[in-house]
Each structure stands twice: as C-alpha cells, then as structure tokens.
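For reference, positions follow the sequence shown, starting with 1.
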Amino acid sequence: MTQKEAFNNYYPLIKNNGNVYSKYSLVRAFIALGGEAIETWTSDGLETTNVANQGDYIVQNLQTESMEKYIIPPHMFNKRYKFFYYDKLGAIYIPTGKVFACKYSGEPTSFIANWGREMVLKPGDYIAFPFPESREGYRIAAKEFYETYEIFVQ
C-alpha cells in the first residue's frame, strides 16, 4: 500500500475514532553524515529500515524499553523537537510535536512509509499522522506508544 493509499484508508478511521496525543519521552539525536543505515526495532520486532541523508537527524527514544532509533529530516525534526541539554553521549531533546492517532484493529498489513520503505502495521498498534495537518502516516508499536505518548490536553 502506498503512502497515499494509507492516508485514504486510515485517516477516516483516525478522524472518527482518534485523539490528539503529545509525545513526552526524551530523545537523543545527532546529525547524520549520510549513508548510515538504521533499523528500527520495537518490542515486537523489526518495524522498518531507512538510510540517512547528510544532515538528517538520527534519533533514539530514551524512555522506551527497546530504545528504538529512527531517522527524521531536519525540517521535520525542527518542528517536532527542541534542544534540552547535553549529556556525556550527546544532545538530548524534548518532543514538541503532536500526532492524531488511534488504535489499529484490522488485519496485519504493511504500507510504504514516507521515507520509501515498508512499515508493518499490526492489530493493537497505533496509526498516526502528525497534528495539526499532514499526509505522512506511520505506525507506532503499541508498547512504545504507551511508553511515549499521552492524550494532549490544552
């Protein structure tokens, strides 16, 4: 399933059943040299793969058991995170972004993520789109979702 098809299939589900969530988990991030291959592993296995371009951010969740890594282009990273402090291993950031998401209850499937790689989607996972507007849909594994997100309260 393409990214456009994923949007057309899942956004109505989220619109009818979803909530806005904010991420609260700190991350460590550094700027990629380019060419770094990243596998995103969650508690239930390999989620996706990606290769960094020069200037992308390689991000690691610090408050999940799996401490999964992923790649974010700089224009998205700067909208979703702000610098917090340096520790002995690098820069720590606070998430500022929000997602519009809901729990997925369909059959196991996959779709092509915004970065052009296959992303699995399993029952119990969350399907998410950046809030307030985006056509970039992605999966958040259930355990990692509960470890990093909470309902956004204004």
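Annotation: ring pair (Phe, Tyr, Trp, His ring centres under 6.0 Å) contacts involving residues 53-78, sequence neighbours excluded, comprise Tyr57-Phe77, Phe77-Tyr81, Phe77-Tyr93.
When each of Phe100, Tyr146, Tyr149, Phe145 is tested with Tyr21 by the rule ring-ring contact (aromatic ring centres under 6.0 Å, His included), just one qualifies, namely Phe145.
Other residues, nucleotides and ligands contribute over 12 non-hydrogen atoms within 6.0 Å of the CZ atom of Phe83. Within a 6.0 Å radius of CD in Glu65, no more than 12 heavy atoms belonging to other residues, nucleotides or ligands are found.
Counting only heavy atoms from C-beta outward, the side chains of Ile38 and Ile58 approach each other to under 4.5 Å. Under the 4.5 Å side-chain criterion, counting only non-hydrogen atoms from C-beta, Cys102 is in contact with Leu13. The shortest distance between side-chain heavy atoms of Pro74 and Asp56 falls below 4.5 Å. In this structure, the side chains of Thr109 and Tyr104 come closer than 4.5 Å at one or more pairs of heavy atoms. You'll find the side chain of Glu36 stays beyond 4.5 Å of the side chain of Val51, heavy atoms only. You'll find the side chain of Glu5 stays beyond 4.5 Å of the side chain of Asn8, heavy atoms only. Here the side chains of Tyr138 and Val99 are in contact, with some heavy-atom distance below 4.5 Å. Residues Ile112 and Met1 have side chains not in contact (no heavy-atom distance under 4.5 Å, counting atoms from C-beta outward).
For Glu144, the side-chain hydrogen bond (donor to acceptor under 3.5 Å, both in side chains) partners two or more places apart in sequence, or in a different chain, are Ser43, Ser66. Residues forming a side-chain contact (heavy atoms from CB on, under 4.5 Å) with Asp87 (at least two apart in sequence, or on another chain): Arg28, Tyr85, Leu89, Ile92. Listed by chain and number, the residues in a side-chain hydrogen bond (donor to acceptor under 3.5 Å, both in side chains) with Thr148 amount to none (sequence neighbours excluded). Contacts of Ser25 classified as side-chain hydrogen bond (donor to acceptor under 3.5 Å, both in side chains), with partners at least two apart in sequence or in another chain: none. A search for side-chain hydrogen bond (donor to acceptor under 3.5 Å, both in side chains) contacts involving Thr49 returns nothing, not counting sequence neighbours.
Residues Glu136 and Arg80 are paired through a salt bridge, judged by an N-O separation under 4.0 Å between the basic side chain and the carboxylate.
With hydrogens and angles disregarded, no donor-acceptor distance shorter than 3.5 Å links the side chain of Glu150 to the backbone of Tyr24. The main-chain N or O of Leu121 is never found under 3.5 Å from a side-chain atom of Asp125 such that the two would form a donor-acceptor pair.
Looking at every heavy atom in both residues, Ala101 comes nearest to Ile14 through N-CG2, 3.8 Å. For the pair Gly106 and Pro123, the tightest heavy-atom approach, listed with the atom from each and the gap, is O-CG, 3.0 Å.
Separation of atoms CD (Glu147) and OG1 (Thr42) is listed at 10.0 Å; rounding is to 0.5 Å. How far CG of Asn50 is from NZ of Lys69: 13.5 Å, rounded to the nearest 0.5 Å. Expressed to the nearest 0.5 Å, how far CH2 of Trp115 lies from OG1 of Thr40 amounts to 7.0 Å. How far CG of Asn114 is from CE of Met119: 10.0 Å, rounded to the nearest 0.5 Å. Note that the CD atom of Glu68 and the CD atom of Glu47 stand 7.5 Å from one another [nearest 0.5 Å]. Note that the CG atom of Leu46 and the OG1 atom of Thr48 stand 7.0 Å from one another [nearest 0.5 Å].
Within the cation-pi definition used here (under 6.0 Å to the ring centroid, within 45° of the axis), Lys98 qualifies as a partner of Phe152.
With hydrophobic clusters built from ILVMFWY side chains whose heavy atoms lie under 4.5 angstrom apart, Val59 does not share a cluster with Trp41. Both Phe7 and Phe111 are assigned to one and the same hydrophobic cluster, defined by single-linkage of ILVMFWY side chains at heavy-atom distances under 4.5 Å. Transitive grouping of hydrophobic side chains (ILVMFWY, heavy atoms separated by less than 4.5 Å) keeps Ile71 and Met67 in distinct clusters. Under a hydrophobic clustering in which Ile, Leu, Val, Met, Phe, Trp and Tyr are joined whenever their side-chain heavy atoms come within less than 4.5 Å, directly or via other members, Ile72 and Leu26 fall into different clusters. Placement of Tyr11 and Phe131 within a single hydrophobic cluster is found when ILVMFWY residues are connected by side-chain heavy-atom separations under 4.5 Å, directly or transitively.
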Please assess Lys143 against Asp44 for the test salt bridge (Lys or Arg N to Asp or Glu O under 4.0 Å), listing each intermediate value before the final yes or no.
CA-CA 9 Å; Lys143 184 174 188 309; Asp44 66 350; over 6 Å; no
Go through Gln60 and Val27 one step at a time and tell me if the side-chain contact (heavy atoms from CB on, under 4.5 Å) criterion holds.
CA-CA 5 Å; Gln60 181 176 29; Val27 299; over 6 Å; no
From CA spacing to verdict: ring pair (Phe, Tyr, Trp, His ring centres under 6.0 Å), Phe129, Tyr10
CA-CA 9 Å; Phe129 291 83; Tyr10 301 126; 7.9 Å; no
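Side-chain N/O atoms of Asn61 and Lys23 include a donor and acceptor closer than 3.5 Å.
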